[in-house]
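Since the structure comes first, as structure tokens, the remarks are kept for the end.
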Amino acid sequence: MLALFVLYVVVEVAALVAVSSALGVLWTVVLLIGGSLIGSLLVRSQGRRVLDGLRRASRGERSAGGAVADGALFAAGSVAMFVPGLVTTVIGLLLLIPPTRWLLRPAVMWAAARWLPQVATATRRMRPTVIDGEILEDRAETTGTASSAAGSALVLEGQVIEADRVDQPTGDFRKPHR
């Protein structure tokens with residue numbers, strides 16, 4: 001871990017020295033401040049966009065894997081924006097813009113499927129659970145069969161169907177047979 005930190009410091013100092021010798025110290029400071037300002041604007045706008053994508057994925061309108069990959073890339077870009085340095089600012093800006101996330105999304109999904117098999121299962125489209133039924137009028141008042149303790153309680157009529165056997169898990173959920 002210490003070697004990684006030393007590598008980070010060496011790369012950032014080398015980049016700052018190279019840019020400041022090419023542009024000058026004042027323009028390097030302006031570049032750092034400008035990158036931070038642009039990054040904070042991108043974090044705000046793309047954060048809303050990523051959250052909207054996650055909401056759409058939860059409703060089944062979008063691929064859950066793509067939304068989670070966008071969220072992971074956005075999170076990495078946001079963290080990189082808060083780490084001081086020119087190189088991390090550039091990496092953060094690149095991860096925050098949508099075209100770069102679009103290009104990196106398949107690689108993130110591949111890595112997640114390779115290293116975390118549970119994520120691959122969760123990224124399949126989930127089928128919603130639907131319970132068929134109908135709304136009935138409150139018959140307690142008309143038939144007089146309900147007790148007075150029930151008052152205005154909702155009465156549901158239906159039929160319970162027991163699951164005889166369960167298929168082997170081949171998808172996201174087990175399907176009972178009737």
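Quick note: residue numbers are just sequence positions, from 1.
- Between Arg101 and Gln46, the closest side-chain pair of non-hydrogen atoms falls below 4.5 Å.
- Residues Val30 and Leu23 are members of one and the same hydrophobic cluster, defined by side-chain heavy-atom contacts under 4.5 angstrom among Ile, Leu, Val, Met, Phe, Trp and Tyr.
- Every residue two or more places apart in sequence or in another chain that forms a side chain to side chain contact (heavy atoms under 4.5 Å, CB included) with Val90 is listed here: Leu94.
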Would Leu95 and Leu104 count as a side chain to side chain contact (heavy atoms under 4.5 Å, CB included) here? Give the steps.
CA-CA 9 Å; Leu95 290 176; Leu104 293 176; 3.6 Å; yes
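- Inter-residue side-chain proximity for Met81 and Ser78 is flagged as unmet; no heavy-atom pair is nearer than 4.5 Å.
- Taking CG of Leu7 as the start and CD of Glu12 as the end, the distance is 10.0 Å to the nearest 0.5 Å.
- We find the CH2-CG distance between Trp27 and Leu32 to be 13.5 Å, quoted to the nearest 0.5 Å.
- Between atom CG of residue Leu31 and atom OG of residue Ser20 there is a gap of 11.0 Å, rounded to the nearest 0.5 Å.
- At a threshold of 4.5 Å between non-hydrogen side-chain atoms, the residues Tyr8 and Val87 do not count as touching.
- Taking hydrophobic clusters as Ile, Leu, Val, Met, Phe, Trp and Tyr residues chained together by side-chain heavy-atom distances below 4.5 Å, Trp110 does not share a cluster with Leu103.
- Electrostatic pairing of Arg62 and Asp70 counts as a salt bridge here, judged by a charged N lying under 4.0 Å from a carboxylate O.
- When all heavy atoms are compared, the tightest approach of Ala57 to Ser63 is CB-O, 4.0 Å.
- In Arg49, the CZ atom is not crowded: 12 or fewer heavy atoms of neighbouring residues, nucleotides or ligands sit closer than 6.0 Å.
- One finds the CZ atom of Phe82 at 9.0 Å from the OG atom of Ser36 (value rounded to the nearest 0.5 Å).
- Linking ILVMFWY side-chain heavy atoms closer than 4.5 Å, directly or via other members, places Leu54 and Val43 in a single hydrophobic cluster.
- Residues Thr100 and Leu93 are not in side-chain contact: their nearest non-hydrogen atoms beyond the backbone lie 4.5 Å or more apart.
- Counting heavy atoms from C-beta on, the side chains of Leu37 and Ile33 come closer than 4.5 Å.
- Hydrophobic clustering of Ile, Leu, Val, Met, Phe, Trp and Tyr side chains at less than 4.5 Å, counting indirect connections, keeps Met109 apart from Leu73.
- With hydrogens and angles disregarded, a donor-acceptor distance shorter than 3.5 Å links the side chain of Thr88 to the backbone of Val83.
- A continuous path of ILVMFWY side-chain contacts below 4.5 Å connects Ile97 to Phe74, so both sit in one hydrophobic cluster.
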